[in-house]
Amino acid sequence: MSLRIYNTLSRNKETFIPVDENQVGIYVCGPTVYGDSHIGHAKSYVSFDIVVRHLRYLGYSVLYIQNITDVGHLTDDADEGEDKIEAEARKRKLQPMAVVEHYTRSYFEDMDRLNILRPDISPRATGHIIEQIEIIKILIESGYAYEANGSVYFSIEKFKEYGKLSGRSIDEMIAGARVESKSEKRHPADFALWKKAEPGHIMKWPSPWSVGYPGWHIECSAMSMKYLGEHFDIHGGGIENQFPHHECEIAQSEAATGKSFAKYWMHNNMVTVNGQKMGKSLGNFVTLKDAFEQYHPLVIRFFILQSHYRSPLDFSNEALSGAKKGYDRLVNTVMILRQRIDLNQDGETVPIDITGYKEKMIEAMNDDFNAPQTIAYLFDLSREMNHYLNDGKQYSAASLKEVDELYREFGDTVLGIIPESLETTSSANGTIDADLIQLLIDVRQEARKQKQFALSDLIRDRLKELGILLEDTREGTNWKRIT
RNA sequence: GGCGCCGUACCCAAGUGGUAAGGGAGAGGUCUGCAAAACCUUUAUGCGGCGGUUCGAAUCCGCCCGGCGCCUCCA
């Protein structure tokens with residue numbers, strides 16, 4: 001089965017046919033860098049990370065663009081209020097660009113820990129003011145935009161298809177529109193392309209209309225089209241940006257080029273915390289830096305991928321600790337499997353249907369990136385594998401390697417949850433030397449032989465206090481670091 | 001008020017027409033000096049409720065109840 005993607009534009013799963021045969025261009029709305037990233041960012045960027053990873057696994061050459069919004073995103077509704085970054089800068093008595101730099105680094109730090117692959121290009125809005133002005137010029141020339149007191153607005157009534165992504169009609173929006181205090185706009189739902197800077201506004205640039213700054217929506221049109229072309233494959237983002245942000249992007253881009261903008265629109269659903277929406281005003285923000293203190297980043301990644309990207313995800317301690325146990329179980333199997341491979345033994349071939357698993361997992365991922373289903377298959381595989389690891393028979397290292405290859409392809413390459421180096425998956429620091437641990441295991445083994453169980457239990461208990469867990473098996477004693 | 005989404009076991013969660021994945025928790029068992037891990041068995045004649053379409057529905061349609069999102073900050 002070929003890859004199918006749920007396209008918000010058609011509200012259906014569609015067979016994925018790229019614009020260019022083997023090239024895929026994907027643009028995902030990145031963060032506005034005025035604060036630490038939270039678990040909502042994690043869900044969004046983990047979701048698109050597996051999109052990119054799976055497309056690459058399928059053999060596409062993917063160009064992944066994710067912007068950094070460092071200007072123009074206002075605190076109030078789309079065209080009123082303070083710039084978020086300026087507001088933060090004022091609060092902290094810093095230059096706006098220092099705030100941007102700080103939180104951009106913080107963002108990448110967090111994303112790296114979640115094993116999210118970096119985008120190929122992370123363009124900044126402030127680095128593309130010229131491109132944004134160029135589009136605005138075209139929109140004014142073609143009558144889609146108008147100037148008012150040094151600001152420029154997009155006239156939604158001129159763009160017939162406005163509302164096609166979010167399923168809204170202009171009439172409905174008039175009914176639901178907020179009262180406009182300043183009515184520079186011809187229509188209440190018109191949106192800003194360029195804003196004239198008020199006195200005291202720091203981040204501003206010259207333009208044909210005023211010294212000012214770009215509207216929030218225009219940056220994504222400018223940067224996506226600059227790097228991916230006027231018509232490209234996938235545009236992604238959080239579902240809350242479907243309207244107005246993405247609707248506006250479509251309007252201004254298609255009005256400017258006369259071409260269809262992104263072919264497939266993908267939206268990830270949102271995170272709730274203990275059943276409640278996570279919001280600034282509710283004060284229940286969970287930053288990733290906080291979450292990482294309680295849970296290993298890969299556990300959070302695993303937790304996110306255990307539900308579908310288009311489903312809402314509820315973040316609770318109960319759910320997370322359940323995920324941690326499941327995740328440890330999965331990783332445990334892979335650790336033991338790899339230890340067994342290292343013994344490099346001959347023996348029977350493990351009777352696992354590797355091709356069958358592979359086909360099922362590809363099919364699950366091809367069905368609109370069904371990571372939870374793929375993880376379920378990894379658990380099925382692990383149960384089977386554990387059975388053979390425990391049945392006392394000797395299996396050939398070569399055939400065990402083939403099983404391991406499944407974990408590598410789907411656990412690592414596609415889902416990014418089972419890394420190459422497994423010893424680091426515990427959040428405890430690995431301060432105790434492995435050779436020293438092996439020495440203690442050997443001493444304890446000797447004590448057990450002599451039935452000195454009080455001593456052997458003492459060694460096991462004390463090591464556990466130090467974060468080293470011993471497990472006796474028929475093949476000897478395994479150890480691992482615990483949290 | 002307008003637009004849209006969801007409601008699956010004690011908890012989390014896949015599943016869009018063919019007779020209920022997976023994880024956690026619980027119960028029983030195997031293995032073990034003990035423990036841990038692992039494995040085996042077990043836990044929804046049932047998918048919010050009521051109708052309808054169909055040979056057949058968690059899946060499609062209608063109504064009702066409950067929860068959520070967007071329309072305002074947020075990925």
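If you're wondering where the values come from, they're calculated on a predicted model, not measured in any experiment. Just so we're on the same page: letters track the sequence lines, and every chain starts at 1.
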Visitor: If I pick the P atom on B:C31 and the same atom on B:A58, what distance separates them, to the nearest angstrom?
Guide: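 Those two atoms are separated by 42 Å.
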Visitor: State the pairing partner of B:C68; accept Watson-Crick or G-U wobble contacts with both distances under 3.5 Å, and report none otherwise.
Guide: B:G4
Visitor: Give the rounded distance in Å between these two atoms: NE2 of A:His308 and P of B:A21.
Guide: 20 Å
Visitor: Just wondering, do A:Phe453 and B:G33 stack (centres under 5.5 Å, planes under 30°)?
Guide: yes
Visitor: Picking from B:C71, B:G69, B:C34, which would you name as closest to the side chain of A:Met270?
Guide: B:G69
Visitor: Hey, does A:Asp472 reach any base, or is it just sugar-phosphate, or nothing, if we go heavy atoms under 4.0 Å?
Guide: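 Base contact - A:Asp472 has a heavy atom under 4.0 Å of at least one base atom.
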Visitor: When we call it a touch if two heavy atoms are under 4.0 Å apart, what does A:Arg340 touch: a base, just sugar-phosphate, or nothing?
Guide: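 No contact.
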Visitor: With no angle test and no hydrogens, is the base of B:A36 tied to the side chain of A:Arg460 by a donor-acceptor pair under 3.5 Å?
Guide: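 No, the side chain and the base share no sub-3.5 Å donor-acceptor pair.
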Visitor: Confirm from the modelled atom types if A:Arg448 and B:G33 form a donor-acceptor pair under 3.5 Å, side chain to base only.
Guide: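 For A:Arg448, whose side chain was compared with the base of B:G33, there is a donor-acceptor pair (under 3.5 Å).
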Visitor: Can you tell me which nucleotide in B:C39, B:A36, B:A37 comes closest to the side chain of A:Arg383?
Guide: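 Per side-chain heavy atoms of A:Arg383, the pick is B:C39.
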Visitor: At under 4.0 Å between heavy atoms, what does A:Lys451 touch on the DNA or RNA strands: base, sugar-phosphate, or nothing?
Guide: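 No contact.
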Visitor: Reckon A:Glu471 touches a base, only the sugar-phosphate, or nothing at all at heavy-atom distances under 4.0 Å?
Guide: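 The answer is base, as A:Glu471 lies within the cut-off (heavy atoms under 4.0 Å) of a base atom.
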Visitor: Categorize A:Asn478 for me: base, sugar-phosphate, or nothing, with a 4.0 angstrom heavy-atom threshold over every strand shown.
Guide: nothing
Visitor: State whether the distance check finds a donor on one side and an acceptor on the other, under 3.5 Å, for side chain A:Asn269 versus base B:C5.
Guide: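 Answer no: no donor N or O sits under 3.5 Å from an acceptor.
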Visitor: Under 6.0 Å between ring centres, would you say that holds for A:Tyr34 and A:Tyr103?
Guide: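 No, ring centres 6.0 Å or more apart.
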Visitor: Base, sugar-phosphate, or nothing: which does A:Tyr45 touch, judged by heavy atoms less than 4.0 Å apart?
Guide: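 Since only primed, P, OP1 and OP2 atoms lie under 4.0 Å of A:Tyr45, the category is sugar-phosphate.
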